[in-house]
Amino acid sequence: MTSPKTARQDTDQSTGASPARAVRTDLAPRRVAGPHRWWDWVLVTDPGLGQLQAGWRTLVAMVTSLAVGYGMAQALAVPTMIGMMVAGMMGLMSAFAVAGNSWIQLARPILWMPFPYTAVLWLAATLHGDRALEIGLDAAALALTFLLARFGPMALLTGMMLFNGLMVGIIAQIPSAMVGKAFAVALVSASAVLVTRLLLCFPMPREDLLRTQRAFVVEARRLADTAVDALDPDTDLNRVERRMNRSLRRLNIVTVTIDGRLAQPEAATDPVVAELLHRHLFDAELALRGIAQAVRVLAAQSPPEELRRALAVGLLMARDTPPAQAGGLRPAVEMIREQADVILRNAHADPRAAECATLARRVAELLDSLADSLVSWLALGEQTPTSRAAVPFQPAIALENNRIPGSAEPMRRALSARTQSGWQRVVPFVRAPLHAGVAAAVVCPIADAIDPQRFYWGLVGVMITLFGTNTTHERLRKFGHRMVGTVVGAVIGVLLLRLIGHDHVYWTLTVIVLGLSFGSWGMQRAYALWVVGLVAALVQLYGMTTPAGRMDHLLGQRLLDNGIGVLVATACAALIFPLSTRTIVREAEHGYVQAVQKLLTQVAARWERPDSPVRLRGAARAVDVALFQLAEVSRPVVRMPLGVRGRGPHHRMALLNTASAHARALAAAADVDIDLSPALAERVRLITGTFTDSLRTLDHHLANGTAQGVWRRVGPLVRELQTALRPAAPGPRAQRLQTALHELDALDTALAAYAEQRGLPVASVTGRDQGQPGAGQHRARGAATDRGRTRPAQQAAAPAARAEVPTAHTATVVPVTGSVSCADHPGGCPAQITVVNARGQRVAHTYTDQGRYRLGLRPGHHTVVVSAPDHSPRAEPVTVGAAQPHIRLDVRL
């Protein structure tokens, strides 16, 4: 934050975005602000390309290790299968378990892997013939792996290599005399993998951050495109709303991911610049959410056709305007404002049309704020802090494997809260190892009885169940993914095996490498995708030693052993030092309430001490993270229809989603200096203090299940304060304060409804009477009832209004041709052409061919929007008459 004399005051009234400054925008990285690309959809589904990088790492590491293993086996006279198995493990584990943002962070673990791996190879070689000891050591190694996981990545990697080495030694029956050569194979292959990873997969965290920022830009464009569809009078509003909700969720995930990447020191070394980037992205996301909300309301109210067309054209121009040329948005903004002002200046305008015009002006203001935020964001290199009170960036989230953490943090907090005294302090360290050890002790004899040669399949089921899962629901979901993925992978693998045969070694190795690479790519999307790729690859290995008639039996046995391992591990985790899903959900709820409470504390500090170094947007982002964690731990095993699984959990999550949206808006609007009289300042302290006390009461109720107190609604206090502030001189700060108070009231309403659903009594508080229970509750119900009665009426009125709009009375199509040129391309500029008719519908879309285009339009008034890379879009009006044989429209950008 900055002091009152700096940019802190120069922010938008609704979103907190800084107004446009005379900054250079040509310094914006082209990777972020460049034109449309065909692979943009990949960035949206995989922000930062973390999933593709995982697949590429696996491909490079496996090809390198298998090639080196084959060559070393020939050079050292080692059986080819053993050489490739030892070397392949180096490649596989380096791809899965080794990640870093510098060459030292890669070199240390990769070069360390051969030492624990070959040490247990020798141990396994000395145990040949002692079956009970082999199985016992396998179980102990698995438990040791989970114990070492508590001590950091290197310790975890050491445990995994010990477990894998012991298993490979038992499976391959490597003699002790060959262990030295196996060590040489492992060391050379690990060194080769390190070299190829540094050459072909060198980590570039700054580039990853830029790709994630590009994903934000792409998703913002998609959201604008969806908003245009929502304005179409013939659209399916339910379908468009689902698309808009998905786009908003992805947008939020991308912005939270960017915050997580900013926490990596290699990505943003300047904490002040990181804070500015965080602020501008937060404001841009808030503006986009406001646009989506306003368009939803407009779509349900059937706005006048001229206004609808202006909005559609403006949003199309916003979609196609390069972020670094935000000035190109000004014509679109002015177009929307002009149409809205025409309606608002008409004293005889229909009240519904006037309401639509007000919403349209709101959209124009938010588009303006969005442009300002993007300009500030992309020109960040030109900005430096001007105040000693500037606050450096403090991350609200730490990514885990480039992903937003889900249930792990609530689980750790819940476990720590229950083991803070006496001998229970060791429980967090021994809980997972006990789960693994006991489950392995139960599974190994069963799997050994089914097939002594492949008893390790049961151990694999135990290991994959306990790694990366924290609740029973997650383990059961993983069980389902494992079973489905195994079946699908087996079918694909058998088909490929029959197609390739047993005698084409290079094709077999290609399928193995590609299967593992596909699984690595898909692991972060769905665990079943990893299993599909893994099993398809393993089938090729099984095919070398298993007759064709026995393959079905072998794969069925693998499915059985894995299933037994998963179920036994799930049972052990539920019985040994149990931590129920309900307990973890309560801890996640506690984390959410604490995040909101911290936000309110910072709002109070911001208003009482303007120079205090608070981070309101960072506090609001922490609320987002807490909501994400709560959503993850609250997911059911199987998603059922609302009528089957009940509406309670669905409604509670909807309320918290609404509360989080108001928390974001509050954080942006409250970041303003206020100068109140002592009496009004005392009212503000009463509001924030009462709200914080209600949050504490709710937190106690969630933790203990007993209601000691009530949720006291601060809405009446807020409205009294708003009334007292209205006579003051109007201005930007006064409007911002009114907006902040409105969002505070809305946040209180949403959380009061949530507390009521959780069984906490709700009462109202006023300046005169702070203890009248039930009043606020009845008012909230009455308001909800009123909203529930009016909304269907508005939605029902929309089709009727649309029915009055005349449709085209003729099927005549008039050809429209022309050219698009610019200073850089005088002979023809590559561009896309979108046509919007008088009703705001997109009726045509095409691309130029060598700068020329051709369209067919029906008679009527249209707007042609021309969008080209590195140029601001142009909107040209065209009137098509039925008698016209041809229309030519040339556009110069």
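A donor-acceptor contact closer than 3.5 angstrom links the side chains of Glu589 and Tyr754. A donor-acceptor contact closer than 3.5 angstrom links the side chains of His278 and Asp259. Donor-acceptor pairing under 3.5 Å is lacking for the side chains of Ser373 and Arg279.
Checked against the 6.0 Å centroid threshold, Phe691 and Trp711 count as a close aromatic pair.
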Next on the checklist: As a quick check of understanding, evaluate side-chain contact (heavy atoms from CB on, under 4.5 Å) for Ile687 and Leu721, giving each step before the final call.
Outcome noted: CA-CA 9 Å; Ile687 291 171; Leu721 179 58; 3.8 Å; yes
Next on the checklist: Please evaluate residues Glu720 and Leu717 with respect to the criterion side-chain contact (heavy atoms from CB on, under 4.5 Å), reporting the C-alpha separation (whole Å), side-chain torsions for both, the decisive distance (0.1 Å), and the verdict.
Outcome noted: CA-CA 5 Å; Glu720 290 175 7; Leu717 289 175; 4.2 Å; yes
Item to check | Step-by-step side-chain contact (heavy atoms from CB on, under 4.5 Å) determination, Leu741 to Leu725 | outcome: CA-CA 11 Å; Leu741 292 174; Leu725 290 172; 3.7 Å; yes
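For Glu241, the CD atom sits in a packed shell: over 12 heavy atoms of surrounding residues, nucleotides or ligands are nearer than 6.0 Å.
When each of Val843, Leu316, Val865 is tested with Val835 by the rule side chain to side chain contact (heavy atoms under 4.5 Å, CB included), just one qualifies, namely Val843. If you run salt bridge (Lys or Arg N to Asp or Glu O under 4.0 Å) between Arg842 and each of Asp232, Asp225, Asp234, only Asp225 comes through.
Taking 4.5 Å as the limit, every side-chain heavy atom of Leu231 sits out of range of all side-chain heavy atoms of Gln841. For the pair Thr226 and Arg319, the minimum side-chain heavy-atom distance is 4.5 Å or more. At least one side-chain heavy atom of Glu285 sits less than 4.5 Å from a side-chain heavy atom of Asn252.
Ile253 contributes atom CD1, which lies 12.5 Å from atom CD1 of Ile258 (distance to the nearest 0.5 angstrom). The line from CZ of Arg211 to OG1 of Thr257 is 14.5 Å long, rounded to the nearest 0.5 Å. The structure places CG of Leu223 at 10.0 Å from CZ of Arg243, a figure rounded to the nearest 0.5 Å.
Taking every heavy atom of both residues into account, Val623 and Val596 meet most closely at CG2-N, 4.0 Å.
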